[in-house]
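Structure first, then comments.
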Amino acid sequence: MSFNGLNDQEIRRREELSKLRELGVNPYPSSYTKSHNSSDVLSQFSDEDASALSDISIAGRIVAVRKMGKATFCHIQDEAGKIQVYLKKDDLGEVYDHFSLFDIGDIIGVKGYAFRTKVGEISVRATVLTLLAKSLTPIPLGKEETDENGVVTRYDAIADKEQRYRKRYLDLIANPEIKATFIKRSKIITAMRRYFDERGWLEVETPILQPLYGGATARPFITHHNALDIELYLRIADELYLKRLIVGGFEGVYEISKNFRNEGMDKTHNPEYTSMELYVAYKDYTWMMEMTEDLLQTIAMQACGGTDVDFKGTALSFKAPFARAKMYDLFQEHTGKDLRGASREALYAIARELHVEVEPSASSMKILDEIFSEKVEHHLVQPTFVMDYPVEMSPLAKAHSTESGLVERFELFVMGKEVANAFSELNDPIDQRERLEEQSRIRADGDDEAMVLDEDFLNAIEVGMPPTAGIGVGIDRLVMLLTNNDSIRDVLFFPQMRPEKTQAQRSEE
RNA sequence: GAUCUCGUAGCUCAGCUGGCUAGAGCAUUUGACUUUUAAUCAAAGGGUCCUGGGUUCGACUCCCAGCGAGAUCACCA
């Protein structure tokens, strides 16, 4: 065995591993029968009658050891929490001596009985001690102190954000409270799925590898299929495939899936992220708004226990109904200007007047977008539906039934961020073709985020799609809001990080 | 992509306007200790000071470049 590149602690643990094997201890047995979780023991223990917990077995990782000669206290951590274990030479005989070859980080099984120590902590006294997995790497576990009020102070735990994201397994061990965020994330998705399933909408799967990408304006990732010798794109949205399924006769389909966008990364953007898209036939965006507020209210209640949540000091209410505002009314309210029907030149002049910086060559849409971002968005703190967007901004949305130049679209904003985007889906094939051809022209003019023309999708719309309402929800952003996290990296187990350069890579350059 | 800040032991950090052998606590090792709880007491080992250049008699410290991270902005839903 080579110890090259290992530090003293890593070498010592390998030596201990060999010693254990020599003593006939299997450091990696196949299974272990657990009767209780730590939390079960703590909640079920009774001082009056300890017989219920007189023969139990628990298992977990050693996270703290206090050795006092022929008796040792340690804490083990399992999925549900931590519990103290009491080991005594008299009880364990030579197995007690093996314990000196165990380390913080090792996973052990403990069979024994629950009791309360002199100082009052419910603990498990071991009659049988089993090593379940020897740990070969020191784990950066901080010591903890719990005061009379049960407030836990942790010292020196792994704090470096980079390490926490790159080695999430260590983060989860050393900072187990972050599990709550991920458990809530799972509950949010489960609640959403349950809501849709109860209404009879079908969960489906559509291709991630696509010969053409579409459904959103974004730059894609490109990959290559060897056997077909073609370029394939990682999807940027589910929209065009889900609509094909509505054309095919399904009347409610949804997909919870990863999308991939080849763009910048920051607090609210990860190159791969989770979105949910739902399409329901014979409905429009008004119906969809009502569904959305009911959905989010339901999710908040099921995942957070109520419709009121705290986000970094702001009290948010997900109690339906949400505020609704037309986009142009919001412009009027926050800029004092009526931008309806304004020409590009007029918009440009207004932007300058409002001190909103825009490129002189910017399109009307770009200018509107800028003014909205700078002057309106940050006012939308509580959940707010912004309705009725200009047609040019929304090539897949249906023209508004009463207002020309607009489409039946809404976006849901919370804390100034977009959480959902929905519209009455465009099902007029002629109109759809013209809009996508316009996108092709914009693309040809150099905007590589404009949509690609997908003939097969147009063919599907020509076959005939019923009136349909569709929505996309950014799951990560929703989870951020409901778990009080302001960085997307804290709601993803494994956020994308720049790979660390190896020594070899460095010397090549 | 731009700017600012940061990178020292397994972990958390100190290290002055450049100056002796780079420190502390935890973790680790050895010894003591059969109800401890940030256990305690005694001793010991452990460093590519992010990397590579430069300035200097002398660099953890100053300068340049690079790598990585965080924050802000830009881009982007």
Side-chain angles (χ1 to χ4, degrees), chain A residues 5-13 15-16 63-75 82 84-92 96 100 103-105 115-121 123 125 135-147 152-166 170 174-175 216-219 236-237 259 261-271 273 275 357 359 366 369-370 372-373 377 393 411-413 416-421 448-449 472-474 476-477 486-489 495 497-503 505-507 509:
Chain A
L6 298 179
N7 65 39
D8 57 337
Q9 298 196 33
E10 291 164 338
I11 292 167
R12 181 184 53 74
R13 284 169 185 245
E15 288 167 353
E16 286 174 345
V63 292
V65 178
R66 290 176 296 282
K67 192 168 184 183
M68 297 158 19
K70 298 187 176 62
T72 295
F73 288 92
C74 63
H75 273 92
K82 272 178 220 175
Q84 181 167 259
V85 171
Y86 180 47
L87 308 168
K88 208 176 169 190
K89 169 92 170 170
D90 295 345
D91 296 340
L92 295 166
Y96 183 82
S100 62
D103 284 292
I104 288 177
F115 73 111
R116 190 183 288 276
T117 64
K118 200 163 71 183
V119 201
E121 181 164 351
S123 308
R125 181 157 169 176
S135 167
L136 297 182
T137 309
I139 294 173
L141 274 164
K143 291 203 169 188
E144 283 182 4
E145 186 178 26
T146 310
D147 67 13
V152 175
T153 310
R154 189 172 303 128
Y155 300 88
D156 305 342
I158 180 170
D160 178 27
K161 286 268 188 192
E162 175 178 0
Q163 277 235 57
R164 295 182 59 185
Y165 296 141
R166 287 191 195 275
L170 291 180
N175 300 305
T217 53
R219 278 188 287 264
I236 58 170
N259 286 343
R261 298 194 180 179
N262 208 340
E263 285 158 359
M265 294 155 56
D266 60 28
K267 263 182 153 172
T268 56
H269 296 82
N270 195 65
Y273 68 98
S275 84
E357 281 186 35
E359 299 277 324
K366 185 73 194 163
D369 207 25
E370 282 296 325
F372 192 82
S373 301
E377 258 180 27
M393 288 172 110
E411 292 188 306
L412 175 65
F413 283 84
K417 290 278 180 193
E418 180 211 343
V419 175
N421 179 21
D448 58 358
E449 285 172 3
V473 177
D476 308 287
R477 289 187 183 177
D486 61 5
S487 171
I488 194 170
R489 292 179 165 174
M497 302 288 279
R498 191 182 297 274
E500 292 175 292
K501 284 208 170 185
T502 64
Q503 203 70 44
Q505 284 172 313
R506 275 200 208 105
S507 53
E509 292 169 20

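Proteins get letters first, then strands, A, B, ... in listed order; numbering begins at 1 in each.
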query: Once each nucleotide of nucleotides 33-38 of chain B is scored for protein heavy atoms under 4.0 Å, what B/S/- sequence comes out, 5' to 3'?
result: BBBBBB
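- The CG-P distance, from Asp103(A) to C11(B), rounds to 16 Å in whole Å.
- With both ends at atom C1', the span from G25(B) to C67(B) equals 30 Å, rounded to whole Å.
- Taking the P atoms as reference points, U5(B) lies 43 Å from A42(B), given to the whole Å.
- When the C1' atom is compared between U48(B) and A44(B), the two are found 24 Å apart, to the nearest whole Å.
- Rounded to the nearest Å, the gap between the C1' atom of C63(B) and that of A27(B) is 38 Å.
- Residues passing the salt bridge (Lys or Arg N to Asp or Glu O under 4.0 Å) test with Arg12(A) are Glu16(A), Asp103(A), sequence neighbours excluded.
- Base pairing annotation: A39(B) forms no Watson-Crick or G-U wobble pair, as no partner gives both donor-acceptor distances under 3.5 Å.
- By the salt bridge (Lys or Arg N to Asp or Glu O under 4.0 Å) test, Lys143(A) is found to be paired with no residue, residues two or more places apart in sequence or in another chain being considered.
- In this view, Glu144(A) and Lys82(A), Arg154(A) satisfy the side-chain hydrogen bond (donor to acceptor under 3.5 Å, both in side chains) rule, not counting sequence neighbours.
- The partner of U5(B) is A69(B), judged by Watson-Crick or G-U wobble contacts that both fall below 3.5 Å.
- Pair assignment for C26(B) gives G10(B), based on Watson-Crick or G-U wobble hydrogen-bonding distances that are each under 3.5 Å.
- Between Phe73(A) and Thr117(A), the shortest heavy-atom contact is CE2-CG2, 4.2 Å.
- Considering only residues two or more places apart in sequence or on other chains, Met265(A) meets the side-chain contact (heavy atoms from CB on, under 4.5 Å) condition with Pro271(A), Arg489(A), Gln496(A).
- Residues passing the salt bridge (Lys or Arg N to Asp or Glu O under 4.0 Å) test with Lys70(A): none are found, sequence neighbours excluded.
- Taking atom CG on Leu141(A) and atom P on A27(B), their separation rounds to 11 Å, with Å as the unit.
- Distance check on atom P: C16(B) versus C6(B) gives 13 Å, rounded to whole Å.
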Close N/O contacts between protein and nucleotides 44-47 of chain B (under 3.5 Å):
| residue | atom | partner | partner atom | Å |
| --- | --- | --- | --- | --- |
| G45(B) | N2 | Asp8(A) | OD2 | 3.2 |

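- Regarding Met265(A), its CE atom lies at a distance of 15 Å from the P atom of U72(B), rounded to whole Å.
- No donor-acceptor pair closer than 3.5 Å links the side chain of Tyr165(A) to the backbone N or O of Asp160(A).
- The P atoms of C26(B) and U35(B) are separated by 23 Å, rounded to the nearest whole Å.
- Evaluation of the salt bridge (Lys or Arg N to Asp or Glu O under 4.0 Å) rule for Asp486(A) yields Lys267(A) as partners, not counting sequence neighbours.
- With rounding to the nearest 0.5 Å, the separation of CG in Asp476(A) from CG in Asn259(A) is 10.0 Å.
- Residues passing the side-chain hydrogen bond (donor to acceptor under 3.5 Å, both in side chains) test with Lys88(A), sequence neighbours excluded: none.
- Ala218(A) comes within 4.0 angstrom of sugar-phosphate atoms only, judged by non-hydrogen atoms across all strands, and of no base.
- Arg154(A) comes within 4.0 angstrom of nothing in the nucleic acid, heavy atoms only.
- Within the 4.0 angstrom heavy-atom criterion, only backbone atoms of the sugar-phosphate kind lie near Glu263(A); the bases stay farther away.
- Pair check for G52(B) finds C64(B); Watson-Crick or G-U wobble, both atom distances under 3.5 Å.
- Between G53(B) and U12(B), the two C1' atoms lie 32 Å apart (nearest whole Å).
- If you take atom C1' in C57(B) and the same atom in G52(B), they sit 23 Å apart, rounded to whole Å.
- Using a 4.0 Å heavy-atom criterion, one finds that Ala64(A) contacts no nucleic acid atom at all.
- Pairing for G19(B) is with C57(B), a Watson-Crick or G-U wobble pair whose two hydrogen-bonding atom distances lie under 3.5 Å.
- Here Tyr86(A) pairs with nothing under the side-chain hydrogen bond (donor to acceptor under 3.5 Å, both in side chains) rule; sequence neighbours left out.
- Rounded to whole Å, the distance from NE2 on His269(A) to P on A74(B) is 12 Å.
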For nucleotides 69-71 of chain B, give me every protein contact, N/O to N/O, under 3.5 Å, one pair per line with atom names.
| residue | atom | partner | partner atom | Å |
| --- | --- | --- | --- | --- |
| A69(B) | OP1 | Arg166(A) | NH2 | 3.4 |
| A69(B) | OP1 | Arg498(A) | N | 3.0 |
| A69(B) | OP2 | Arg498(A) | NE | 3.2 |
| A69(B) | O4' | Glu162(A) | OE1 | 3.1 |
| G70(B) | OP1 | Arg489(A) | NH1 | 2.1 |
| G70(B) | OP2 | Arg489(A) | NH1 | 2.9 |

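- Proximity of a side-chain donor or acceptor of Arg261(A) to a complementary backbone N or O of Ile236(A) within less than 3.5 Å is detected.
- In this structure, the side-chain hydrogen bond (donor to acceptor under 3.5 Å, both in side chains) partners of Arg116(A), at least two apart in sequence or on a different chain, are Asp47(A).
- Note on Gln163(A): only backbone sugar-phosphate atoms sit closer than 4.0 angstrom, heavy atoms only; bases stay farther off.
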